[in-house]
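Just below is one structure, and these are the notes that go with it.
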Amino acid sequence: MIDFTIPYKEVIKISPAKDAEEIVCIRKGSLEPIFDSYVRYYNPHLTVRYTDVHGYLAEDVHAPAVAILTLREIAPTLWEKLYTLDEAEIRAQVENVKRLLTRLIEKMERCSSRPVFFLLHEQGSALLCRGLPSAGEIAAELNAHVLSVVHSTQCIDTGEIAAQVGTQNFWDEHSLYRFGCPFSKEGCNALAYYTAETMKKKKRKSASYATATAFFGAAF
Amino acid sequence: MNRKAIIIDCLADALALTAEETENLPDDASLSEYGMDSIHFINMIVLLEEELGMEFLDSDLLPDNFASKQAIFDTIEKYFEK
């Protein structure tokens, strides 16, 4: 369970284990150090390295990968100009982002034994006056696209996590301005918990699969 | 625990020093010489806010305001003067 009672001073005292495995966190802005501290708290055998989507696509990396993206970073033009673009421009941008997400998922599944994707979660009401989609609706469309292209990637519903924290407490504009992290301490805690737990479960699964394959042969 | 002791404690946790080592740092010594970087800085701010039950104004989050122990004491004291 997510531990919301632990004081942060106890969280940062946890040092990474000597044999800690590096996971790659795909996002533009770093969530360091709050997210990392909570990941270590839930699993000291993990350390986090950050790279953005384009960096991840360009590098030769074979490590468990977790994508924690927001519309702001995956579609900066859409995010910044949503209120001024017309419908055709919005559609073109959305299709561009879908192509980028497809490439990202393909790479994660090719290069990571444990790919994890936190689905986009955006608040925002419909732009009723212009009849255009809101950030929330665009995020939902992109999520549906991600779910249609994944095979081995574990997709986590960020909206449900936000609901556990309380949507108003999950995001933190203040923290974005101060530290470049869009999530609150509680939001980072929850994201770290699900990252650590999913990595642990998937590792167990791959380990049992490897054991079974070794025992029954590759045809298993 | 008084406020000064809490600040020392938070600073020690953020820099991974003992409370005694932190206590012995000269008040005006530059914390960057003792390992303070942007990561430690964020940890220290989160810790201070949590332990002191306060929230810094964004306008106070300037490196100079947290450059030494004395600077931190002075910055925080403002919040409790009123």
Side-chain angles (χ1 to χ4, degrees), chain A residues 2-18 20 22 25 27-42 44 46-51 165 168-193, chain B residues 1-23 25 31-67 69 71-76 78-79:
Chain A
I2 308 170
D3 187 350
F4 289 119
T5 59
I6 181 91
Y8 191 64
K9 65 183 298 168
E10 299 303 322
V11 174
I12 64 163
K13 280 181 182 159
I14 313 281
S15 306
K18 276 186 185 154
E22 183 180 85
C25 181
R27 61 168 291 107
K28 192 174 182 183
S30 158
L31 300 177
E32 217 174 6
I34 303 173
F35 173 78
D36 307 29
S37 302
Y38 279 108
V39 168
R40 268 200 307 280
Y41 170 68
Y42 290 114
L46 295 177
T47 59
V48 186
R49 177 170 68 82
Y50 293 89
T51 182
V165 178
Q168 294 305 317
N169 296 330
F170 183 71
W171 298 104
D172 189 349
E173 283 289 327
H174 202 45
S175 167
L176 179 67
Y177 174 73
R178 297 159 112 194
F179 310 134
C181 172
F183 309 109
S184 66
K185 179 156 63 72
E186 292 72 23
C188 285
N189 180 352
L191 290 168
Y193 169 78
Chain B
M1 202 187 274
N2 68 32
R3 199 154 46 238
K4 213 163 182 174
I6 295 174
I7 295 169
I8 295 287
D9 223 32
C10 291
L11 188 53
D13 286 337
L15 290 174
L17 299 173
T18 64
E20 196 184 354
E21 285 169 335
T22 313
E23 184 77 57
L25 294 181
L31 294 176
S32 59
E33 287 171 24
Y34 295 89
M36 179 67 80
D37 59 15
S38 59
I39 303 295
H40 294 124
F41 177 78
I42 295 173
N43 272 334
M44 181 184 68
I45 297 298
V46 173
L47 280 171
L48 287 168
E49 289 188 336
E50 190 171 283
E51 296 298 314
L52 293 169
M54 57 171 289
E55 194 167 314
F56 290 107
L57 295 171
D58 293 341
S59 54
D60 274 336
L61 293 179
L62 303 170
D64 281 355
N65 289 341
F66 298 88
K69 264 168 44 178
I72 298 173
F73 295 147
D74 294 344
T75 301
I76 289 173
K78 285 192 306 188
Y79 289 81

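When reading the values below, keep in mind they use all heavy atoms of this one structure, side chains included, and skip hydrogens, waters and symmetry mates. Just so it is clear: chains get the letters A, B, ... in the order the sequence lines come, proteins before strands, and each one is counted from 1.
- With a 4.5 Å cut-off on side-chain heavy atoms, B/Glu51 and A/Lys9 count as touching.
- If you look at A/Phe35 and A/Tyr193, their ring centroids are not closer than 6.0 Å.
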Could you give the side-chain donor-acceptor pairs of residues 32-44 of chain B under 3.5 Å, partners two or more places apart or in another chain?
from, atom 1, to, atom 2, distance (Å)
B/Ser32, OG, B/Ser30, OG, 2.8
B/Asp37, OD1, B/Ile39, N, 3.1
B/Asp37, OD1, B/His40, N, 2.9
B/Asp37, OD1, B/His40, ND1, 2.9
B/His40, ND1, B/Gly35, O, 2.7
B/Asn43, OD1, A/Tyr8, OH, 2.4

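- Only the side chain of A/Ser37 comes within less than 4.5 Å of a heavy atom of chain B; its backbone N, CA, C and O stay farther away.
- The candidate from B/Asp9, B/Val46, B/Asp58, B/Leu61 with the greatest count of non-hydrogen atom pairs under 4.5 Å with chain A is B/Asp58.
- Using a 4.5 Å cut-off between heavy atoms, A/Lys13 contacts chain B through its side chain alone, with no backbone atom that close.
- Considering all non-hydrogen atoms of both residues, A/Thr47 and A/Pro16 come closest at CG2-CB, 3.8 Å.
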